[in-house]
Amino acid sequence: MNILVIGGGGREHAIIMKLSESEKCEKIWCAPGNGGISRYAECFPEIKATDLDSICELAKELDPDLVVVAPDDPLVMGLVDRLNDLGFKTFGPKANAAIIEGSKVFSKDLMKKYNIPTAAYETFDNADAAIAYLKEQNKFPTVVKADGLALGKGVIIAQNLDEAVDAVKNIMEDKVFGESGSKVVIEEFLTGPEISVLSFTDGNTVVPMISSMDHKRAYDNDEGLNTGGMGTIAPNPCYTDERAKEALETIIYPTINALKSEGRPFTGCLYFGLMATPNGMKVIEYNCRFGDPEAQVVLPLLDTDLVDIMLSICDGKLSEIDVKWKNDSCACVVMASGGYPVKYESGKEISGLDAKGQCQGAFVYHAGTKFADDKFLTAGGRVLGVTSTGEDLQSALDNAYAAVKSIDFDKAHYRNDIGQRALCFKN
Ligand code: AMP
Ligand code: GLY
């Protein structure tokens, strides 16, 4: 079986390494891919994940048996619909379901309609009305969210009225996120541990994966700016059996059923960003895809053939698959370019990797690398996701950090405290 994967980050590398474990998998292509992925799959670096026309042309040329669309933009833009129309079996939601990530107004209204617990909110398509509401509420912190995709930067936690008004003006008037900011959601600030739950679903059956915990801030102790994610661990010890049961009953099943009732059945991986608040489990956000770097810690723990799972989802037969998990823990430490997420340099040679871009004892998922002249070079903000399993979280972390210490590049930056909050929770 020949598979084409769309995307070019650490998540796609993790998906590809898992797919390549399958006996059914013969050949993998990836567009655009990256330096690390090129050691496992034939890459097409000139084809961007958002260039839908070129991807469709590539699919016609390669004739894959399965296409996996991993990033949010092409899903929201309707790549799965186009590939399906061309007759390709494709893993990922159609645009009418991917909108659950593509529009926060859509997802909030869906939750309200189907009584799915989430932060209280109002939506606005006019900055003056949004500002008048902020003044009238006068409750801080409050959360201002751009409606559309904003590279993970469209959520502002405003500590006071000035910050909230600035956020609304930046989003709606200065359009810092483009058309994603024609509408905003203003919502209640919630507190509690955050838990990421990815799930496999064919629109009818849903199978939650092992829970995980992201570390979004750039520096230790959750300081610095928000990033795409500086590290993850799985399972998330805050996701107790009790909370998992509650989330399944009040959030996970109701969301899948709501999308089905709306004529928007979701097929692929639906990501539930949850918070365990003092008033119960609530949805912080939905993503229409595997999280990055959540996929990097969840997929190594999967003990069932990923090709079988993806095919069963495309065929609407997920209920026939028994999805199994390893009883281990997994940790991923992201090595980033110094200065990320603001300004950083690229093109630095990475030392400590073998010819496959790996490091003994760990899975090294490449997020932003280039392979040239037999060397790996940095080529992005997040460079590597150094990942290891272990029989418990502490040993997974020890293994991952041991590998991190043997890899280096100029101005490499990583957090030293990945998993510490989770370890505290456990003890
Ligand atoms: P997102 O870009 O949607 O992943 O949101 C980024 C982060 O903002 C989340 O992971 C939360 O930490 C935080 N956040 C979003 N909504 C809320 C909320 N209603 N209350 C508190 N924190 C929030
Ligand atoms: N790590 C969060 C995300 O993928 O959006």
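For the numbers below, each heavy atom of this structure counts, side chains included, while hydrogens, waters and symmetry mates do not.
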Going through the checks in order, is the side-chain contact (heavy atoms from CB on, under 4.5 Å) test met by Lys145 and Lys108?
-> CA-CA 11 Å; Lys145 299 185 171 183; Lys108 294 296 286 190; 5.7 Å; no

In sequence, state the C-alpha distance, the side-chain angles, and the governing distance for Ser395 and Asp392, and then conclude on side chain to side chain donor-acceptor pair (under 3.5 Å).
-> CA-CA 6 Å; Ser395 55; Asp392 56 23; 2.8 Å; yes

Under a 4.0 Å threshold between the charged nitrogen and the carboxylate oxygen, would [Y] count as salt-bridged to [X]?
X: Lys326; Y: Asp328; value: no
X: Glu294; Y: Arg11; value: no
X: Arg289; Y: Glu101; value: yes
X: Lys24; Y: Asp308; value: yes
X: Lys216; Y: Asp222; value: no
X: Glu57; Y: Lys60; value: yes
X: Glu246; Y: Arg243; value: no

Tell me whether the count of non-hydrogen atoms from other residues, nucleotides or ligands lying under 6.0 Å of [atom1] in [X] goes above 12.
X: Asn327; atom1: CG; answer: no
X: Glu46; atom1: CD; answer: yes
X: Asp241; atom1: CG; answer: no
X: Glu391; atom1: CD; answer: no
X: Lys183; atom1: NZ; answer: no
X: Lys348; atom1: NZ; answer: yes

Using the side chain to side chain contact (heavy atoms under 4.5 Å, CB included) rule, pick out the option among Ile350, Val334, Asn34 that qualifies with Val383.
->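 Of the listed options, the one satisfying the test is Ile350.
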
Let me confirm one number: the [atom1]-[atom2] distance from [X] to [Y], rounded to the nearest 0.5 Å.
X: Phe91; Y: Leu4; atom1: CZ; atom2: CG; answer: 14.5 Å
X: Met335; Y: Thr369; atom1: CE; atom2: OG1; answer: 12.5 Å
X: Met213; Y: Ile418; atom1: CE; atom2: CD1; answer: 10.5 Å
X: Asp81; Y: Thr90; atom1: CG; atom2: OG1; answer: 9.5 Å
X: Lys18; Y: Ser20; atom1: NZ; atom2: OG; answer: 9.5 Å

Scan side-chain atoms only and decide if [X] and [Y] contain a donor-acceptor pair under the 3.5 Å cut-off.
X: Gln296; Y: Thr387; result: no
X: Ser103; Y: Asp147; result: yes
X: Lys153; Y: Asn226; result: no

For the residue pair Phe200 and Trp325, does the interplanar ring angle fall in the parallel (under 30°), tilted (30 to 60°) or perpendicular (over 60°) class?
->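 The rings of Phe200 and Trp325 lie parallel, inter-plane angle below 30°.
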
Which of parallel (below 30°), tilted (30 to 60°) and perpendicular (above 60°) describes Phe371 and Phe376?
->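 Aromatic pair Phe371/Phe376 classed tilted.
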
Steps toward side-chain contact (heavy atoms from CB on, under 4.5 Å) verdict (Met111, Val283) = CA-CA 9 Å; Met111 288 186 266; Val283 177; 3.6 Å; yes

Should Lys375 and Asp373 be marked as a salt bridge (charged side-chain N to carboxylate O under 4.0 Å, His left out) after you check the CA-CA gap, both sets of side-chain angles, and the distance that decides it?
-> CA-CA 5 Å; Lys375 288 183 199 139; Asp373 301 328; 5.7 Å; no

Side chains of [X] and [Y]: closer than 4.5 Å at any heavy-atom pair?
X: Met172; Y: Phe177; result: no
X: Asn287; Y: Asp72; result: no
X: Val207; Y: Leu318; result: yes
X: Glu12; Y: Ile37; result: yes
X: Val67; Y: Lys89; result: no

So Ile313 and Thr201, side-chain contact (heavy atoms from CB on, under 4.5 Å) or not? Walk me through it.
-> CA-CA 7 Å; Ile313 287 173; Thr201 178; over 6 Å; no

ring-ring contact (aromatic ring centres under 6.0 Å, His included) partners of Tyr114, counting only residues at least two apart =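 By the ring-ring contact (aromatic ring centres under 6.0 Å, His included) rule, Tyr114 matches no residue at all.
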
Qualifying residues under ring-ring contact (aromatic ring centres under 6.0 Å, His included), relative to Phe266, sequence neighbours excluded = none

Quick one: side chain to side chain contact (heavy atoms under 4.5 Å, CB included) partners of [X], sequence neighbours excluded?
X: Asp73; answer: Thr50, Met77, Leu149
X: Glu249; answer: Lys245
X: Thr389; answer: Pro300, Leu301, Cys330, Phe363

Of all heavy-atom pairs between Ala403 and Ala362, which one has the smallest distance, and what is that distance?
-> CB-CB, 3.7 Å

Lys317 and Glu320: CA distance, side-chain angles, deciding distance, salt bridge (charged side-chain N to carboxylate O under 4.0 Å, His left out) verdict | CA-CA 6 Å; Lys317 292 181 175 165; Glu320 294 175 12; 5.1 Å; no

Between the side chain of Arg382 and the main-chain N/O of Ala336, is any donor-acceptor distance below 3.5 Å?
-> no

Measure from the side-chain N and O atoms of Glu26 to the backbone N and O of Asn2, and report whether any donor-acceptor pair falls under 3.5 Å.
-> no

Can Lys112 be said to sit on top of Tyr121's aromatic six-ring, NZ or CZ under 6.0 Å from centre and within 45° of the ring axis?
->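 Yes; both conditions hold, so Lys112 lies above the ring face of Tyr121.
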
Report yes or no: is the cationic atom of Lys356 (NZ for Lys, CZ for Arg) closer than 6.0 Å to the six-membered ring centre of Tyr40, at no more than 45° off its axis?
-> yes

Decide if the gap between the ring center of Phe290 and the ring center of Tyr271 is smaller than 6.0 angstrom.
-> no

Evaluate the side chain to side chain donor-acceptor pair (under 3.5 Å) criterion for residues Ser22 and Asp305: first the C-alpha distance (whole Å), next the side-chain angles of each, then the deciding distance (0.1 Å), finally the verdict.
-> CA-CA 6 Å; Ser22 170; Asp305 188 319; 2.8 Å; yes

Verify side-chain contact (heavy atoms from CB on, under 4.5 Å) between Leu225 and Tyr219, making sure each step is shown before the conclusion.
-> CA-CA 8 Å; Leu225 291 173; Tyr219 303 119; over 6 Å; no

Which residue pairs pass the ring pair (Phe, Tyr, Trp, His ring centres under 6.0 Å) test when at least one of the two sits in residues 229-253, sequence neighbours left out?
-> none

